[in-house]
Amino acid sequence: VYVLVVNGRAGKVTRCMQQLCRWLSLIRSGVRDGGSKVVARIVVTHTDKLLSDHRLALLREVFKRTCVQFGEHFDFGSQCYVTTYDQEDGGDVDELREELTRLRTVAPSNRPLPASY
């Protein structure tokens, strides 16, 4: 399981995609064709200064483009996660923790995840 963290401070989909493309291409280069999809989750950080509508649009578009471009080889789950430290709950921190805990319970035994999740 990969947790890919990208900086969304600029609020630009292209900047987030540049970061994701670099990491996903690198991961993809080490994966054999015909194997199962690589499980990855996307976290967009530094969005605190964006208006909530802009933040939501950014997350949706980054997720959509990432799935279109890399979905053949990766399982990205159902959403991008966001950290919003200007909010008391920190954004999707708890949801991400729950998702990683869930993934730990369904991971193949030959690929265990760290217990620290």
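This structure is a prediction, so every number in the text was calculated from the model and none was measured.
- Annotation: salt bridge (Lys or Arg N to Asp or Glu O under 4.0 Å) contacts involving residues 66-81, sequence neighbours excluded, comprise Arg41-Asp75.
- Contact between Arg55 and Val82 at its shortest, heavy atoms only, is CD-CG2, 3.9 Å.
- Residue Thr66 comes nearest to Leu24 through the heavy atom pair CG2-CD1, 3.7 Å, listed as atom of the first residue, atom of the second, then distance.
- Glu61 has a carboxylate O that lies under 4.0 Å from a charged side-chain N of Arg65, or vice versa, which qualifies the two as a salt bridge.
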Hey, can you pull the donor-acceptor pairs under 3.5 Å for the side chains in residues 3-14, sequence neighbours left out?
residue, atom, partner, partner atom, Å
Asn7, OD1, Arg9, N, 2.8
Arg9, NH2, His46, NE2, 3.1

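- At distances below 3.5 Å, at least one donor-acceptor pair connects side-chain atoms of Thr105 with backbone N or O atoms of Arg102.
- Within the 4.5 Å cutoff, side-chain heavy atoms of Leu58 are placed close to those of Cys16.
- When the side chains of ILVMFWY residues are joined at heavy-atom separations under 4.5 Å, either directly or via intervening members, Trp23 and Val62 end up in a single hydrophobic cluster.
- Hydrophobic clustering, with ILVMFWY side chains joined whenever heavy atoms are under 4.5 angstrom apart, groups Leu100 together with Val106.
- Checking Val39, Ile27, Ile42 one by one against Tyr2, the side chain to side chain contact (heavy atoms under 4.5 Å, CB included) holds for a single residue, Ile27.
- When side chains are defined from C-beta on, Arg97 counts as touching Asp94, because their heavy atoms get closer than 4.5 Å.
- From Leu56, atom CG reaches atom SG of Cys80 across 10.5 Å, with rounding to the nearest 0.5 Å.
- Side-chain contact between Gln69 and Met17 is present, with at least one heavy-atom pair separated by less than 4.5 Å.
- How far OG1 of Thr83 is from CG of Leu96: 10.0 Å, rounded to the nearest 0.5 Å.
- Residues Leu103 and Glu99 have side chains in contact (heavy-atom distance under 4.5 Å, counting atoms from C-beta outward).
- Each of Phe76 and Val68 belongs to its own hydrophobic cluster when Ile, Leu, Val, Met, Phe, Trp and Tyr are linked at side-chain heavy-atom distances under 4.5 angstrom.
- Atom OG of Ser36 sits about 12.5 Å away from atom NE2 of His73, to the nearest 0.5 Å.
- Heavy atoms of other residues, nucleotides or ligands lying less than 6.0 angstrom from CZ of Arg28 number more than 12.
- Between Phe70 and Phe74, the ring planes lie perpendicular to each other; the angle is over 60°, past the 30° to 60° tilted range.
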